[in-house]
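Small disclaimer: the values here were computed from a predicted structure and weren't measured. Convention: sequence-line order gives letters A, B, ...; per-chain numbering from 1.
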Amino acid sequence: MEAMTSLPLMTLMQLLFDTLLGFALLWLGWRALASPDLFQAIVLFIAFGLLMAIVWVRLDAPDVALAEAAIGAGLTGALLLTTLARLEAKNRSKSALEKKHKVWLMTENVKLKTASFLWLMVILMLLVSGLVYAVLTLQEQTFELQMLVSKNLESSGVSNPVTAVLLNFRGYDTLLEMSVLLLALLGVWSFGGIPKPHESLPGPVLNMLSRLLIPLLIIVAGYFLWVGSDAPGGAFQGGSVLGAAGVLLLLVGWRLCIRFVGLPLRIILVFGLGVFVSAAVVLIFLGRQFMEYPPSVAGALILLIEAAATLSIGITLAALFLVGRPEFRRHK
Amino acid sequence: MSLNALLPLLMVLSSLLVGLIIFFLPEERAGIRIALNLAAAVLKLILVGVMSWGVFFYGLEYEFRMPLLHSQELILHADALSILFVTLSTILWLVTTVYAIGYLEDSPHRSRFFGFFSLCVMATVGVAMAGNMITFLLFYELLTLTTYPLIVHRGTEEARRAGRTYLIYTMTGGVLILTGTVWLHAIAGSLDFSYGGFVSDLVDEHRTALIAIFVLLIAGLGVKAALVPFHGWLPQAMIAPAPVSALLHAVAVVKAGAFGIVRVVDDVYGVEVAANLGVTGPLAVLAGVTIIYGSIRALFQDDLKRRLAFSTISQVSYIVLGIAIAGPLATIGGLVHLVHQGVMKITLFFCAGNLAETLGIHKISEMNGVGRRMPWTMTAFTIGAFGMIGVPPLAGFVSKWYLGLGALEVGQEWVIYVLAGSSLLNAAYFLPILYAAWFKLPTDSWPDERAFGSGETAWTLLLPAVITAFLTLAVGLLASMPFSPLHWARFITTLEYLP
Amino acid sequence: MNTLYLYTIVGVGLFTLGLYALLIHSDLLRKILAINIMGSGVFLILVALAARTQGAVPDPVPHAMVITGIVVAVSATALALALVIRVRTKVGHANLPEQSLE
Amino acid sequence: MLLSEFFTVILLLAGAFFFLAGTVGLLRFPDVYTRLHALTKADNVGLGLMVLGLALQAESWAMTGKLILIWLCVLLSSASVAHLIANAARKKGIEPWKQ
Amino acid sequence: MHTSERKKCFKLIPYDSLISILWTGCLRAMLFALTWFLLTDGVMDSWLIGGPVVLLATIASIVLLPPFSWSFIGIMRIVPVFLWRSLYAGIDVARRALHPRLPISPGLYQYRWRLPPGVPQIFMANMVSLLPGTLSAELADEYLCVHVLDQTGDFISELSIIEDYVARLFALNLIADRS
Amino acid sequence: MEIFYLSIAFFLLLTLLAGLWRVLRGPTAADRMLAAQLFGTTAVACVLLLAQAFERPVLRDVALIFALLAAVTAIAFVRRAWASGEHSDAAK
Amino acid sequence: MLSFLLPQRVKLLGLLIAAGVVAAVAALGWQVAELGAQRYAIGGWGAPLGIDLYADGLSLLMLMVNAVVCLGVSVYSTGYFNRAYFRRSRAIYFWPLWMFLWAALNALFLSSDIFNLYVTLELLGLSAVALVALAGGADALTSAMRYLLINLLGSLFYLLGVALLYHRFGSLDITILSQHIEPSPAVWVAMGLMTSGLLLKTALFPMHFWLPAAHASAPAPVSALLSALVVKASFYIFLRLWLEIFPVDSSVFGELLGVLGAIAIFWGGVQALRQTRLKMLIAYSTVAQLGYLFLAFPMASYFAWKGALFILLSHALAKTAMFMAAGNILHFGGHDRIQDFDHVVQYQPLTSAAFALAGISIMGLPPSGGFIGKWLLLEAAINSGQWWLVIIIIMGGLLAAAYIFKVIGYAFTQSRKSHQTRRVPIRMEWTALILAIAAILLGLIAPWPLAIMDIGLPFSGEAAG
């Protein structure tokens, strides 16, 4: 980028591009939140996710872009659409209720009184101006931490700094974050089993598509897992690709999971976290700190943890997509 | 921890433990309950005996300390004043326990009642033995909490209302004291009671604050002591069972308030400092007003217990008056009245309870000729009433005498008029009762008569009344003997005025 | 200063936009969208600021933070969506009763 | 300018043209089915041309392979998705637009 | 419903020929390995992960998509045709879209299969969508419902030509008669 | 050359935004979905161009993910959101 | 420290883990008490790069009360989730969710990294939401939904603040930040954002609207946890940030917080008094009690912090006991309408006792923990001459007394048992009682927690002696 900036035309072009992208983002966000139709809002949101990924690319954050593309654009969209479908299915089955809440699909702007609306506006304006002011007056970046990261990159076992931060330097965050994911699943399950949507058999084309895509997705997931150690990628990206594969299977109507929905599924779900924690704890017994990976084996260890994590994250995401607990009794 | 330190703690703990145990006794285990209660009361009596012996003859310090806050400790200690109060409560407690056992026979929730009853003793003993303001406050609030269930014990709508009133008054009072105490702590840094007070050094610097604190504390304590603007709860609390009323009036709540005022004036501020601050005068006036007001109100009550209640309002203020006059003799009078009023008033309440329980009499207008039906009870009542009026040589006379002397000593003659007027009023509201009871002809039937074997009523009800009546006589007659309340009061006063 | 600051401001805008929508809409699904957009705004600020020095390699720590944030967000979204469905089943509509935030 | 760069420019411009055409089709065509035509065909050609153009600049064979892989994926998905949507639209009873 | 669904999922697995499974498996594994190679730019270490992943993908692929017969020459023949036709399709649709008068006359047409059901039909259906003026809208065992952009054009012969190519790709003989 | 790539990307972004009009107009849900689909393809191209423009080959992986996952959303739409019956605006 | 999860979701396991965590906390407590504040670098990287765990008196105390309350809740839940009408399928999820919540709390109290705190906050929030929704009713779900949104919103505000702080100072560690901190627009805005986010979660007055419904409709042990600990967690973070990071000379802001706290005390108290259902009453009482915590800010003195903290501790214990008692009553009589309590309360003496004792602490009567806290606050207020605070504290206590005795009064009313009652497992009653007693005893052993607060000198900046 250094070389490019010398070209004023390039800078201008960048500026144009950035402005367009920025306005597009804002506009999409606004429309997604204000459009009268929920479905439309969701589609706009998916588009928003796509643009976000491009923004990450533009901001030179490929790791984030990957995660956003996989999780944000792909899975969240599918999840939202499915939820919408569920909601509407319920809507239809209760015609009396539908009448009562006929307008629920419409934008239901709570009728704000002008005064409170003005207040809200004032507060929001204050927020915006404060934030912008704060951001614009930020001092020059401090590079201490970044230096530290690159200095210690050697001993972290991986060469991608983001992965190093995620899994080694700040591995504890990641550990907790995986707990969040697992927790979300638990929470979803605790809401009780949700009846399977009534769905028709997949057509042959869809069937074929999924059959072709899934092996490919598996490979790509593996690729991200592997590439994470020295290039953008890693367990989350891989996991979400794997999750996408699972979602695809679920969408096509694949119900093999009934067979191992009990203990085996749960073991896989906690597998990633389990490996993570055990690795960390075992290190304590070896006389090191919690999560202090010896530099010599750090790379392998991280890869191991990431592999387990990928698997768990993938399955967890796919399970989350069910938006409900798979029934337990079936396999008895 | 030495044995000496243990004794005060033991005083408190004995009731606490007994109370807790009683909570978990099934309703039917009356025997164990009674035994426990009595045992605790007797144990206390013994402890008090030991301690008073030690304090009087050897000047021993019975003190238990436990850290409570950064610079504050929980202190239980036995000085002369606390021994006075503790002795009173312990003896009367024993008696009341006996009475309550008889009174509450066969009524529901006795475990609960006696449990709280014991806790109430615990709180009172704690109040008596508190060695600093914070400990005092602690037990003072506990007292509020433990008496509340006793007041609402009957569980009727009326009882709940009375309980609510009680709480509103006492809670408010409690927070006033709390504020005062914290403020005091903030200024003085210490809260430990000591003879002659501990704030004398601060008078110059914090005069206004000290006056404000004094007002706060007295107002708070005045609620329990039922000083005039704060007395509203007391007549309502009459709804409680008779033993509870007896306690509230004679020993626990009202007395704790009065006792607290004594503590504040004597051991926090010191009489001289208080007088110097100019706060005792208004207090004395307030007490005087209360005395007269209570007596006048009593005059117009037909309900026997209500009349007694207003009488209490009036009588307790004698104590406050005695302290507020701020002279040695008046102090003696006030202190001794602390005891005397307790003994007399409890007698009266026992008798009222007996009448209600045996014959269903609640109103004075129903009492015609009751003396013939229940001669023992009415004898006791008569003794108590005469004591109240201040007929020599009964207990009340002694206190009033010293109060009068004390007032003259510091040149506050108006007190004499208050005393005289009050005595007249006392006579005016007690004598008609006595006249009706002894000399009027009984009606055909009593409102709700119950048979108690051969005697006029159950012995557990009668005995306590008789004992306390006897005590009323005794403390009056034997006032000059060693270990009499008067003797103790003198002893205390010397200590207070010595430094 | 470089053009990437633009994105910071966009992030601020998104954050505010989401907040506004979150407050005025009663439909739950839309509220969830709003939260997500707010989140995107925050992430954008985080990453855009990380690249604010011209020509330097962006700071990887915020990137890691954002990835963590995205995973947290997706978890929360999934939970929220499941909850919406439950609310709808039980209550009959997917709105929150009017609430006054201001 | 190198020859390869020249070709790249041509190919990219052509690709962009097809994207434009696809979008115009999406906007102008009257119903779902016709719009699907525009989408699948024009965009895939556009992407194909772009991939080709970029592949000329690729530094390794693997990179080229990856680009082609991406294209194939898009091809597969968009063809299948077009079919699925058309199919679903038919099941919904949406009639094709007639002149 | 579940059991029937599951049966449908697995009914395509031919249990008769283990060898064909192995052969196909090897081929696909190679294909996947190639993909892996492309993705990772041929770094040797990557096979540590790549090996298991390729294996897993192969197994998934075999389970999901049973082997079918095909011919290499068929592929070679179809690829250039397909590329050309799809380029033409793009030009065609771009022309129609950008033309000021929007020259289209869409309609549905049911094309009777000569291909047997299964993978070939699906392949064909997908291809049709990328060919000029046609879009597969419904796939049934007997016919393929095609949405055409211009009813006036000769799309039927185009379809049948492509069908021939597909048949050759899968090493099949077409049903001679398509009445 | 970079400027050229960037301009093309800019142009693609413009077409993408133009496509948004379809999302807003509908009329059927399928139309909106279609537009989203178009975005997916356009975004792939866009990211590829950016990868080239900034000489960050790793960004191609982003494009790969787009390419792979674009189908997932559409399938979810077809299988769930739309398959489950009448959408409110399908009747329009 | 992290109790991680096995798929076998059995009560026994839950209890074992509970015991294990308590033991761990005890061990840590010993360590901290002996050796002073502890710092543990996860992964051995040390603060700017890695994440540090930090345990000083403040966090130790939070951990301890956490351990006590959580142990209590665990025991209580073994009874609560046994109930016949509680579907087993729901009950089995309680334990893992609960363990997550607990782990999140522990992690939160130990963390010294502001981003790590964000993650723990989310972990906490999500598990709390799931637990609220466990009750399954329409009310519970709606309030869980609102709670979730509030949580996410609060977290985002917080995260944005973290972003600004990070970009200003290039570090996420609290200690390092506190060394570098200096006022600048970014810091002020970050402070505003984080404060509003955390206060939203802490449900300070104008932002309390979500709390009563969520706390009242959750299952009893969950309500207990939410009121006792979860809101305190965000307060804890806020306190940490306030004490260590934010510029200290923000007295206007402190005043504002104090005023809000004061309004909260009144508003919560009045609302509690108006409630007809017990759990709502208790929930509003929480709003009021949270107000006390903020009274310390305008004073910002050594005693004030300690007082607020002490109130926090005793409130945690007392409120847990209260919600448990409410749960027992609800279970026993099938309803929690206050006006029909006479049929219910007096047949559960233990529960009533628990409620009453907890009430004593809430009212701030001696010798309870609440009293000590109130005492310290009062003293701080008097020392700093802020009399309006004194009045607030006093009035708040009276209000509390009013609403608590509104309930207790019924315990002494004579009435017949209503016919539809169910037996309450005895351990549920005992747990409530023991926790209530603990709240009282806290007042008697006050010097001990007060001494712990001094470890690591979290209040050293203001230490006046």
Q. Any idea which of Thr40(D), Leu13(D), Leu69(D) has the most non-hydrogen atom pairs under 4.5 angstrom with chain F?
A. Leu13(D)
Q. For the candidates Leu27(D), Val81(D), Asp43(D), which exhibits the highest count of non-hydrogen atom pairs separated by less than 4.5 Å from chain F?
A. Leu27(D)
Q. Taking all non-hydrogen atoms of both residues, which atom of Ala18(F) and which atom of Thr23(D) are closest, and how far apart?
A. CB-CG2, 4.0 Å
Q) Measuring from Arg35(D):CZ to Gln37(F):CD, what's the distance to the nearest 0.5 Å? A) 15.0 Å
Q: Please look at Ala51(F) and chain D and tell me whether the side chain, the backbone, both or neither of the residue comes under 4.5 angstrom of a heavy atom of that chain.
A: neither
Q) Got a second to check how far Met33(F)'s CE is from Leu39(D)'s CG, nearest 0.5 Å? A) 11.0 Å
(Q) Under a 4.5 Å cutoff for heavy-atom pairs, which residue among Ile8(F), Ile75(F), Leu48(F), Asp31(F) has the most contacts with chain D? (A) Asp31(F)
Q. Do you know the tightest heavy-atom contact between Arg22(F) and Leu26(D)?
A. NE-O, 2.9 Å
Q.
Which atoms of Val51(D) are under 4.5 Å from chain F, going by heavy atoms: the side chain, the backbone, both sets, or neither?
A. side chain
(Q) Just verifying a value: how many Å separate Leu12(D) CG and Ser7(F) OG, rounded to the nearest 0.5 Å? (A) 10.5 Å
Q: Against chain D, label Leu38(F) side chain, backbone, both or neither, depending on which of its atoms sit under 4.5 Å from a heavy atom there.
A: both
Q: Determine the minimum heavy-atom distance between Ala67(F) and Ser77(D), stating which atoms define it.
A: O-OG, 3.6 Å
Q) Between Leu84(D) and Phe77(F), is a side-chain contact (heavy atoms from CB on, under 4.5 Å) present by the stated rule, with each step listed? A) CA-CA 10 Å; Leu84(D) 290 172; Phe77(F) 163 71; over 6 Å; no
Q. Taking it one step at a time, do Leu54(D) and Leu49(F) satisfy side-chain contact (heavy atoms from CB on, under 4.5 Å)?
A. CA-CA 8 Å; Leu54(D) 292 172; Leu49(F) 283 169; 4.2 Å; yes
Q | Atom pair OG1/CG of Thr41(F) and Asn44(D) - distance to nearest 0.5 Å | A | 6.5 Å
Q) In terms of heavy-atom proximity below 4.5 Å to chain F, should Phe29(D) be classed as side chain, backbone, both, or neither? A) backbone
**Q.** Approximate separation, where rounding is to 0.5 Å, of Met50(D) CE and Tyr5(F) OH
**A.** 11.0 Å
Q: Measure the spacing between CG of Leu34(F) and CG of Leu36(D) and express it to the nearest 0.5 Å.
A: 4.5 Å
Q: Search all heavy atoms of Ala16(D) against all heavy atoms of Phe11(F) and return the closest pair with its distance.
A: O-CE2, 3.4 Å
